[in-house]
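First the structure, in the form of structure tokens, and then the observations on it.
Quick caveat, the model's predicted, so the values are computed rather than measured.
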Amino acid sequence: MRTSPELRRKLISVAVVSAALLTAAPASVAVAQESAPRPAAVPAALTEAAPGAPAERLIVGYKSGAAEAKSNKAAAADAETKAEKTGEDVDFQRRLGTGAALVELGTNPTRTSVADVVAQYEADPQVAYVVPDRLNKPTAVTPNDTDYSKQWDLFESTAGMNVPAAWDTTTGSGVTVAVIDTGYVTHSDLAANIVGGYDFISDTAVSVDGNGRDSNPADPGDWYNANECGQGIPASGSSWHGTHVAGTIAAATNNGKGVAGIAYGAKISPVRVLGKCGGYDSDIIDAITWASGGTVSGVPANTNVAKVINMSLGGGGACSTATQSAITGAVNRGTSVVVAAGNENQNVSNSSPANCNNVISVAATNRAGSRASYSNYGSLVDISAPGGETRTSTANGILSTLNSGTKTPSSENYAYYQGTSMATPHVAGLAALMKSANSALTPAQIESAIKANARTLPGTCSGGCGAGLADAAKTVQAVKGGTSTGTTFSSTTAVAVPDNGAAIESPINVTGRSGNAPSALQVGVDITHTYRGDLVIDLVAPDGSTYRLKSAASDSADDVKTTYTVNASSETANGTWKLRVQDTAAQDTGTLNSWKLTF
């Protein structure tokens, strides 16, 4: 147990002292944003296209028994018939690989003439569908931020996080991310995305701002003199750490300046817990509780409840019961907690809160996709993300928003930092993108999907780097749309879960599907139980393969009513799936009320 005030303070886990504060020069070329709308082809009332320019070509699908479905001659004759009936040019062009026919409507068709032709095809009992042959354009947008070209961590094919392709689906709108850190120093490339936060530092020796807790999370600077934070610790200037982290998550984007944020449509709530020499557990615990919508005595209710918490901080030792309780409470309220693995080049099991349960623990990779030399590692790491490594070049760090002041705030600037503190906001930003794309996702689903859709680490990692390198585009694509667009199979037969007994199984027979199950199979579970920490829950595929949904834990809360996301893409969809539930400890019983699979 830590006993002295110096040891009780959690020193910021950044490894940024080797990264010089420098102002980034503007990129030599600013790439213009592609803003032209996609032309639609046919009136929406008649086809699948949105309103827009009329189509010049149609794709006609015939029913399997129709002669036109197999014979080009018959399809051409049918086009001539439609032309005669409408007085319009309708010419068969070719057969598509799907068997559908491509027909051309001549030059400069009007909306009325297209509607007439479509109506003729739709009225034909041999026609299964008629849709426009729409003109598609690239939708990935290259931000016009002047320093975007320096953000290798977002887009480089070797070890970038594949962020730009995710922006086709979502930019994080509607989601607030709480950055529990040093607070926020004003920066014009962040200001538009900052919402109300709080200063939780209660000790004025740590707060530097001359007072205790208040509603102003402004960062006054966290500089300290040599030996002030412990014998042998050298002096350090202010880090403006929280502002750097916030910029990676949600810097304003496409504003013609600075850098781009990963979830630039999201909002940042700065929650200040770190000051001179670090911050106390007690302040961090209250910050976690408040940021996620919980109640903290003496602190006004949070009007900007976060669905994602970023904690780029840490200290040594085991996860304390007090800290774990706060994290569990946040997750139970629906907030994902993303934590830096630490920068000591040691097993993450020695770094708290990265070794707590129910967090997403993030290791750092360098520009080559290998574990950064400083990054912690181990079986408790969940995922890796770009954290940078500046030994050979400052430009191999992570560029983000900062301030030029060495002690107190001065002019805004940008700088390269390195650390698991920089890797963590990459994953917090991804979690915000996911939550925006599918608001029904639970923290467990977000963690599961990030892991399931990670790509193999491009470089090397000794000691364990989690599921691999986070892939933003693949992960967002896997979770978008939620369960509302899928097909659901369910079991409502209640099955008793015996106390400290053998596992029970509940089957669901899936039929009518083709191919394999999806990479984001949704498993909805409704279990009543008086101590859910006793429960182990597995999904069993038709071939007997098992997927662990929940392990036993020290969790005294009631019931398991949530949805898990499973990468079941290697499993045949059709067949009998089972939910296996076991109570592994004495004194509590429960019931599996129902469960469901959504493809």
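Within a 6.0 Å sphere centred on NZ of K85, heavy atoms belonging to other residues, nucleotides or ligands number 12 at most. No more than 12 heavy atoms of other residues, nucleotides or ligands shown are found within 6.0 angstrom of NZ on K578.
Rounding to the nearest 0.5 angstrom, the gap separating the CG atom in D124 from the OG1 atom in T81 is 9.0 Å. The OG1 atom of T169 sits 12.0 Å away from atom CG of N438, with the distance rounded to the nearest 0.5 Å. In this structure, NZ on K307 lies 11.0 Å from OG1 on T442, to the nearest 0.5 angstrom.
Of all non-hydrogen atoms in P386 and M161, the two that sit nearest each other are CD-SD, 4.1 Å. Considering all non-hydrogen atoms of both residues, S594 and T492 come closest at CB-CA, 4.0 Å. Across every non-hydrogen atom of G261 and W167, the tightest pair is O-CZ2, 3.5 Å.
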From CA spacing to verdict: side-chain hydrogen bond (donor to acceptor under 3.5 Å, both in side chains), S569, N567: CA-CA 6 Å; S569 57; N567 182 357; 2.8 Å; yes
Chi angles and distances behind the side-chain hydrogen bond (donor to acceptor under 3.5 Å, both in side chains) call for N509, T511: CA-CA 7 Å; N509 189 34; T511 60; 5.5 Å; no
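Checked by atom type and distance alone, the side chain of D189 pairs as donor or acceptor with a backbone atom of V259 at under 3.5 Å. With hydrogens and angles ignored, the 3.5 Å screen pairs no side-chain donor or acceptor of T170 with any backbone N or O of A166.
In this structure, K550 fails the cation-pi test against Y564, since its NZ or CZ atom is not both closer than 6.0 Å to the six-membered ring centre and inside 45 degrees of the ring normal.
By the 30° and 60° cut-offs, the orientation of the rings of Y148 relative to F155 is tilted.
For the 3.5 Å distance criterion, the side chains of S336 and K435 fail to qualify, holding no donor opposite an acceptor.
A salt bridge does not link E104 to R57: none of the charged side-chain nitrogens sits closer than 4.0 Å to a carboxylate oxygen.
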